[in-house]
Undergrad: 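First the structure, then my questions, so here it is.
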Amino acid sequence: MATLLRHGASRVSSASSSWRGSWTGTSFKSFSRSLFVEATTEEQVSLRHLSGAEEGVAVLTLNRPDARNAIGVELLKQLRDVLEAIQLDTSARALLVCSSVPGVFCAGADLKERRNMGVAEAQRFVNTLRSTFSSLEVLSMPTIAVVEGAALGGGMELALACDIRVCGDKAVFGLPETGLAIIPGAGGTQRLPRLVGRPRAKELIFTGRRIDAEHAEEIGLVNHRVQAGTAYKKALDIGCEIIKQGPLAVKLAKVAIERGSEVDSASGMVIEEACYAQVLQSKDRLEGLDAFAEKRKPTYHGH
Ligand code: COA
C-alpha cells in the first residue's frame with residue numbers, strides 16, 4: 001500500500017478511493033474516500049513531508065526496483081492514493097516526484113502485466129493511467145520531476161505531467177510505444193508536442209527514439225540538466241524557492257498558466273484577470289506590501 005510519512009510519524013495508507021480531478025477554479029473534487037492506518041511491506045509509492053527550512057516541500061518516491069519502477073496495477077493504485085492525499089494536504093506547497101531506484105526514473109507501463117491483459121482490461125488500465133497523470137498535472141501545488149536515468153514510455157509521460165523537469169546528465173528519455181505497435185496513451189501525444197513543438201514530438205514518437213539528457217535540454221524537454229546524482233538537490237533548491245512565495249499566488253499562477261495556455265490569448269487574459277481578482281482579496285497581498293515597506297521578509301499564510 002502507499003505509505004504517507006509525515007515528519008517520520010505514523011504511517012497512514014489510503015485505500016478504497018475512487019476520485020476525479022478537475023479544474024474548477026482551484027478546487028479538486030474528491031469523493032468515496034476512506035482512510036485507515038496499516039503497517040505495510042509492499043510499498044511502491046511513498047510520500048514524505050520535509051521539515052525545517054524545507055517544510056512545505058513534499059517528496060513522492062517510486063520504489064519498485066525489481067521492475068525498474070514499471071507501472072503495474074498496484075503501483076498505479078498507490079500513486080492514485082498518494083495523489084489524492086497530497087491534493088487534500090494544504091501544508092504541501094511543492095511536490096518533488098522521484099525514484100529510489102538507481103539509474104531509473106520509471107520504465108513505463110508494466111509490459112509483463114500487459115501481456116496477460118485482454119483488450120478491455122488494457123484499455124481500462126491505460127485510461128486510469130491517463131487520468132492519474134492528469135490528476136498530477138492539475139495538483140494545486142507546483143510539481144517537479146527528478147529524473148536520474150531512464151524515463152521511458154509512461155515514465156516519460158509521468159515526467160511530462162509535472163510542471164518542471166530536472167534531470168541528471170545520464171538521464172535517457174523516450175516514448176518507445178510505436179516500437180511495441182501502440183501509441184503513447186498517458187498524455188504523451190498531447191503534452192510532448194505542447195512542450196517541444198509538433199515536429200520534434202512527431203519525430204520522437206514516430207521513431208520511438210531514446211534521447212540523452214543533453215538533447216532533452218536542447219529541445220526544452222527539461223528545465224535543467226545537472227551532474228548525474230544531483231538532480232534531487234537542484235529540484236529541492238527550486239522547491240525551496242517556491243515555498244518562500246505567496247502560497248495562493250503560486251497556486252493561482254499555475255491555474256492561470258495552465259488554463260490560459262489551452263485557450264486563445266484574449267480568453268487567457270480573462271483567466272488571468274479572474275485569478276488576479278482572487279489574489280487581490282488576500283491578506284497575504286497586504287502582508288507583502290507591509291513587508292516591503294518595513295524592509296523585512298514577509299510571512300505568508302496562504303489566504
Ligand atoms: N515492464 C515490466 N518489466 C520491466 C519493464 C517494464 N516496462 N522495464 C524493465 N522491466 C524489468 C525487466 O524485464 C527485468 O526483469 P527480469 O529481472 O525479470 O528480467 C527488470 O525489470 C530489470 O530490467 P533490465 O532491463 O535488466 O534493467 P536495466 O537497468 O538494465 O534497464 C531500462 C532499465 C528501463 C532501461 C530497461 O529495463 C528498459 O528499457 N525497459 C523497457 C522500457 C520500455 O520500453 N518502456 C515502455 C513501455 S510502453
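When a ligand or atom number is given, it counts from 1 through the structure's own listing order. Below, all heavy atoms of this structure are taken into account, side chains as well, without hydrogens, waters or symmetry copies.
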Undergrad: Applying salt bridge (Lys or Arg N to Asp or Glu O under 4.0 Å) to Lys170 and Glu148, what does each step give before you reach the verdict?
TA: CA-CA 7 Å; Lys170 297 273 193 304; Glu148 297 276 9; over 6 Å; no
Undergrad: Is Glu43 paired with Arg64 through a side-chain N to carboxylate O contact shorter than 4.0 Å?
TA: no
Undergrad: Using only atom types and a distance under 3.5 Å, with no angle test, would you say the side chain of Lys234 pairs donor to acceptor with the backbone of Gln227?
TA: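 No, the answer is negative, given that no donor and acceptor are paired below the 3.5 Å cut-off.
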Undergrad: Among Leu95, Leu236, Ile144, whose side chain to side chain contact (heavy atoms under 4.5 Å, CB included) with Val57 holds?
TA: Leu236
Undergrad: Please tell me if atom 32 (C) of ligand 1 is touched by the protein, where touching means a protein heavy-atom distance below 4.0 Å.
TA: no
Undergrad: What atoms in ligand 1 come closer than 4.0 Å to a heavy atom of Leu180?
TA: 48 (S)
Undergrad: Can you list the atoms of ligand 1 that are under 4.0 Å from a heavy atom of Asp110?
TA: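 The atoms of ligand 1 under 4.0 Å from a heavy atom of Asp110 are 1 (N), 2 (C).
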Undergrad: To check your reading of the model: name the closest protein heavy atom to atom 23 (O) of ligand 1, its residue, and the distance in Å.
TA: Arg68 CG, 3.9 Å
Undergrad: Any donor-acceptor pair under 3.5 Å linking the side chain of Arg225 with the backbone of Val222?
TA: no
Undergrad: Pull out every atom of ligand 1 sitting under 4.0 Å from any heavy atom of Pro176, numbered as shown with elements.
TA: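 It comes down to these atoms of ligand 1: 44 (O), 46 (C).
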Undergrad: Answer yes or no: is there an ion pair linking Arg114 with Asp110, defined by an N-O contact shorter than 4.0 Å?
TA: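 Judged by the 4.0 Å cut-off on N to carboxylate O distance, Arg114 and Asp110 do not form a salt bridge.
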Undergrad: Looking at atom 42 (C) of ligand 1, tell me if a protein heavy atom falls under 4.0 Å from it.
TA: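 Looking at atom 42 (C) of ligand 1, one finds that a protein heavy atom does lie closer than 4.0 Å.
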Undergrad: Among all protein heavy atoms, pick the one closest to atom 7 (N) of ligand 1 and tell me residue, atom and distance.
TA: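 That would be Ala109 O, 2.9 Å.
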Undergrad: Please list, in number order, the atoms of ligand 1 under 4.0 Å from a heavy atom of Asp66.
TA: 20 (C), 21 (O)
Undergrad: Answer with yes or no whether the hydrophobic clustering places Tyr232 together with Ile242; edges join I, L, V, M, F, W, Y residues whose side-chain heavy atoms lie under 4.5 Å apart.
TA: yes
Undergrad: Go through ligand 1 atom by atom and flag the ones less than 4.0 Å from a non-hydrogen atom of Leu152.
TA: 39 (O), 42 (C)
Undergrad: Quick one: does atom 17 (O) of ligand 1 have a protein heavy atom under 4.0 Å from it?
TA: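 It does not: no protein heavy atom is found less than 4.0 Å away from atom 17 (O) of ligand 1.
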Undergrad: Can you tell whether the side chains of Arg191 and Glu157 come within less than 4.0 Å, N to carboxylate O?
TA: no
Undergrad: Which of the atoms of ligand 1 are close to Leu111, meaning less than 4.0 Å from one of its heavy atoms?
TA: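 So the answer, numbered in order with elements, is 1 (N), 2 (C), 6 (C), 7 (N), 47 (C).
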Undergrad: Whether Glu287 and Arg296 form a salt bridge (side-chain N of Lys/Arg under 4.0 Å from carboxylate O of Asp/Glu) is what I want to check.
TA: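 Result for this pair is yes, salt bridge flagged.
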Undergrad: Which residue and non-hydrogen atom of the protein lie closest to atom 34 (C) of ligand 1, and at what distance in Å?
TA: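 It is Ala107 CB, 3.7 Å.
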Undergrad: Does Ala67 have a heavy atom less than 4.0 Å from any atom of ligand 1?
TA: yes
Undergrad: So, for atom 48 (S) of ligand 1, does the protein have a heavy atom nearer than 4.0 Å?
TA: yes
Undergrad: If you have a sec, work out which protein heavy atom is nearest atom 12 (C) of ligand 1 and how many Å separate them, to one decimal?
TA: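 In this structure, atom 12 (C) of ligand 1 has Lys112 NZ, 3.9 Å as its nearest protein heavy atom.
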Undergrad: Should we count CD of Glu272 as having more than 12 external heavy atoms under 6.0 Å?
TA: no
Undergrad: Under 4.0 Å from a heavy atom of Arg210: give me the atoms of ligand 1 that qualify, with their elements.
TA: 39 (O)
Undergrad: Right, does atom 39 (O) of ligand 1 have protein non-hydrogen atoms nearer than 4.0 Å?
TA: yes
Undergrad: According to a hydrophobic-cluster definition based on side-chain heavy atoms being under 4.5 Å apart (Ile, Leu, Val, Met, Phe, Trp, Tyr only), do Leu111 and Leu62 belong together?
TA: no
